[in-house]
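What follows is a single structure, written as structure tokens, with notes after it.
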Amino acid sequence: MTRPVVAVTADATTVNWNIWGDVAVAVLPQPYLDKVAQAGGAPVLLPRSWRRWSP
């Protein structure tokens with residue numbers, strides 16, 4: 001039996017992590033993904049808006 005795919009919407013923000021300077025990212029707290037997996041789902045992370053990354 002295959003696991004249901006569950007889309008989880010992430011927040012769009014800009015971060016500055018080490019060598020990544022002011023880069024746009026999609027972020028979501030790990031517990032959200034853990035809960036979907038614990039319930040038997042296959043979590044898929046979706047950015048809130050694709051326009052945020054368009055040139």
Side-chain angles (χ1 to χ4, degrees):
M1 181 174 177
T2 59
R3 296 169 19 153
V5 175
V6 178
V8 184
T9 306
D11 191 21
T13 190
T14 303
V15 298
N16 190 344
W17 292 332
N18 295 325
I19 62 171
W20 291 4
D22 295 326
V23 64
V25 297
V27 294
L28 181 75
Q30 183 66 41
Y32 286 28
L33 303 176
D34 294 342
K35 292 294 184 185
V36 171
Q38 288 171 4
V44 175
L45 183 68
L46 298 177
R48 185 170 47 106
S49 172
W50 285 103
R51 291 189 189 112
R52 188 91 181 236
W53 288 273
S54 298

Residue pair Asp34, Gln38: steps toward the side-chain hydrogen bond (donor to acceptor under 3.5 Å, both in side chains) verdict: CA-CA 6 Å; Asp34 294 342; Gln38 288 171 4; 5.6 Å; no

Shortest non-hydrogen contact from Leu45 toward Ala10: CD1-CB, 3.3 Å

Heavy-atom closest contact (Arg3 atom, Pro43 atom, distance): NH2-CD, 4.1 Å

Of Thr14, Asn16, Val15, the residue whose pairing with Val23 passes side chain to side chain contact (heavy atoms under 4.5 Å, CB included): Val15

Common cluster, Leu28/Val36, ILVMFWY with side-chain heavy-atom separation under 4.5 Å: yes

ILVMFWY network linking Leu46 to Val5, side-chain heavy atoms under 4.5 angstrom: yes

